[in-house]
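Each remark here refers to the structure printed beneath this line.
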Amino acid sequence: MASSKPSIPKGTRDFGPEQMVRRNFIFDTIREVFSRYGYQPIETPAMENLSTLLGKYGEEGDKLLFKILNSGDFIDKADSSVFKLGNSNAASLAICEKGLRYDLTVPFARFVVQYQNDIQFPFKRYQIQPVWRADRPQKGRYREFYQCDVDVIGSNSLLNEYELVLIINEVFERLKIHTVLKLNNRKILSGIAEVIGESDKLIDITVAIDKIDKIGIEAVNSELRERGVAEQAVQKLQPIISMTGTNAEKLIVIKDVLKSSEIGMKGVAELEELFGYIESVGGLSTKVEFDLSLARGLNYYTGAIFEVKAVDVQIGSICGGGRYDDLAGIFGLKNLSGVGVSFGADRIYDVMLQQELFPESLAASTKVMFVNFGEKEAVYCLKALNRLRAAGMSAELYPDSSKMKKQLDYCNKRNIHFAVIAGENEINANQLAVKNMVTGQQELISYDNLTEFIQHNI
RNA sequence: GUGGAUGUAGCUCAGUUGGUUAGAGCACCAGAUUGUGGAUCUGGGGGCCGUGGGUUCAAGUCCCAUCUUCCACCCCA
């Protein structure tokens, strides 16, 4: 044994057959809903040029990017002076020009700019692919995980936001996950910062009040002070962040607070319009909540902000997104507004596993297995086997003529419903013995009746 | 990136104040049963005790480092 124990990198996972069936159930469900609303699939490479990725996720985000070492004699080609500065970040840029994608939104923006002349706007696309973050792993936090993004770019209409609400509702309804959809608007947050006289502290304010559920109002206040927000402004913020009531009641309060802020009032109007669609059409099973403390960290959101939490499971958000007015602007295409959300498939999986929400029927794939007695007997089974497959039933023949005990055991382990047994007696009578592995009952039927028999007894 | 816990068979875990050859259950393989599975019984294979160093006559056990996983921050799906 020369080699050490095999392992995979920190924060990554292998997926066995049972897990894959369940993961595919999630992906298929999400894909089907996306497609139903008219979104089209795209894919982009796992790696992007670092210039595409850097600076899009803030300083923290840049640190979490996986960088890919250049090929060849990259040391010779690099400017060696950067290595002596002791700045690993600068050094890494001298020897890396590619990185693994951090999310699907930025590559999408790049895609849109690059193919702008071939794309029909408004462009509705979905994308289901893994992303990588050099984060420290925790429960529900992986270094490689799948995002399922839906975005529409090239339309300012709030009908798009409403459509995303419908999609979120339908996905979680189908997956039977009990969720709350939290809504906010970046313009309202800007308005608040403006009204309390701390416009330049917008990010600090939002980051702090985002934690209110977790650490409480007092801790939020002290964090605000630490971040340099004036005491007077902190006091002004109190009635806003501690407000309660229905969505409509909260909107009335916030409208009054923000009446002197143009941008704030714009945000209120947007949110009112969105809630207007939601309430007048109705029919949602997901609870929708106006939550002022919802302030996603991403720098590029400019309008609506979405976040979905599972009600019964303590895990981070399982879906999130928002509107970004100028994302493509970074890549040189101006005046293109987009809005989208991203479903976190891995966390959805964790929630469904914990709540036992996966359908039983996902377990088995093969329905019928033919026991192998030997070459002659196996050949006798082949035609019946093909007939089953042609009729759309997954069936297989055990490849080796092992002991029947072993073969039937294999059926059990794989949850195969029927075992077909054909030895000398059956061959002579042109029959097949079909054993139901659940009930244990066994029946002799004529060779040509197998497909029909299975169809009727499954 | 900061702080804390963790690691013994494929899995879940025992393992005394440091003291012979490190155990159990489950799983796996074989047999009881040459054409009938799940149950039972019998037997069997499996371990660099995460890795590297140190203390000691003696280390799974104590010390240091490192990695993994988990937890809390930061941030996020």
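A note on names: the letters A, B, ... follow the listed sequences, proteins ahead of strands, and every chain is numbered from 1. Because the structure is predicted, anything quoted here is derived from the model rather than measured.
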In whole angstrom, what separates [X]'s [atom1] from [N]'s [atom2]?
X      : N     : atom1 : atom2 : result
A:K413 : B:A27 : NZ    : P     : 9 Å
A:E307 : B:C76 : CD    : C1'   : 9 Å
A:K10  : B:G7  : NZ    : C1'   : 15 Å
A:L408 : B:U36 : CG    : C1'   : 5 Å
A:I168 : B:A77 : CD1   : C1'   : 13 Å
A:R143 : B:U69 : CZ    : C1'   : 12 Å
A:Q441 : B:G38 : CD    : P     : 18 Å
A:D409 : B:A27 : CG    : P     : 11 Å

With the criterion set at under 5.5 Å between ring centres and under 30 degrees between planes, would B:A77 be stacked on A:F145?
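Stack criterion met.
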Using the [atom1] atom in both, what is the distance from [N] to [M], to the nearest Å?
N     : M     : atom1 : value
B:C29 : B:A14 : C1'   : 25 Å
B:G31 : B:G23 : C1'   : 25 Å
B:C41 : B:G25 : P     : 11 Å
B:U56 : B:G15 : P     : 28 Å
B:U61 : B:G7  : C1'   : 14 Å
B:A22 : B:G45 : P     : 14 Å
B:C71 : B:U6  : P     : 15 Å
B:C62 : B:U16 : C1'   : 15 Å

For [X] and [Y], indicate whether the former's side chain and the latter's backbone hold a donor-acceptor pair under 3.5 Å.
X      : Y      : result
A:N457 : A:F453 : yes
A:N436 : A:Q441 : no
A:E426 : A:G423 : yes
A:K176 : A:F172 : no

Are there any protein N/O atoms within less than 3.5 Å of an N/O atom in nucleotides 32-35 of chain B, and if so, which ones and at what distance?
unit_1, atom_1, unit_2, atom_2, d
B:G35, O6, A:E424, N, 3.1
B:G35, O6, A:N425, N, 3.3
B:G35, O6, A:E426, OE1, 3.3
B:G35, N1, A:E426, OE1, 2.9
B:G35, N1, A:E426, OE2, 3.2
B:G35, N2, A:E426, OE2, 2.9

Hey, would you say the [X] and [Y] ring centroids sit under 6.0 Å apart?
X      : Y      : answer
A:Y126 : A:Y39  : no
A:Y410 : A:Y398 : yes
A:Y447 : A:Y380 : yes
A:Y301 : A:F306 : no

Under 4.0 angstrom, heavy atoms only, what part of the nucleic acid is [X] near: base, sugar-phosphate, or nothing?
X      : result
A:C148 : nothing
A:G61  : nothing
A:G11  : sugar-phosphate

Watson-Crick or G-U wobble partner for [N], using a 3.5 Å limit on both distances?
N     : result
B:G44 : B:C28
B:U2  : B:A72
B:A58 : none
B:U66 : B:G50
B:C13 : B:G23
B:U33 : none
B:G38 : none

Below 3.5 Å is the cut-off: list the nitrogen or oxygen pairs between protein and nucleotides 70-74 of chain B, distance only.
unit_1, atom_1, unit_2, atom_2, d
B:C71, OP2, A:K139, N, 2.4
B:A72, OP2, A:Q138, OE1, 3.2
B:C74, OP1, A:K211, NZ, 2.7
B:C74, N4, A:R141, NH1, 2.7
B:C74, N4, A:R141, NH2, 3.2

Taking the nucleotide of RNA chain B with the nearest heavy atom to each, does A:A134 or A:L64 sit closer to the 5' end?
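So the residue in question is A:A134.
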Quickly, which of A:R110, A:K56, A:K67, A:R101 forms a salt bridge (Lys or Arg N to Asp or Glu O under 4.0 Å) with A:E48? Name it, please.
A:R110
Quick one: the side chain of A:N412 and the base of B:G37, do they pair up donor-acceptor inside 3.5 Å?
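For A:N412, whose side chain was compared with the base of B:G37, there is a donor-acceptor pair (under 3.5 Å).
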Would you kindly check whether a donor in the side chain of A:K435 faces an acceptor in the base of B:U36, or vice versa, at under 3.5 angstrom?
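Donor-acceptor pair under 3.5 Å: yes.
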Who passes side chain to side chain contact (heavy atoms under 4.5 Å, CB included) against A:E270, sequence neighbours left out?
A:L158, A:N185, A:K187, A:K266
Validate the cation-pi geometry between A:R133 and A:Y102: distance from NZ or CZ to the six-membered ring centre under 6.0 Å, angle to the ring axis within 45°.
yes
Return yes when atom NZ of A:K139 has more than 12 non-hydrogen atoms of other residues, nucleotides or ligands closer than 6.0 Å, and no otherwise.
no
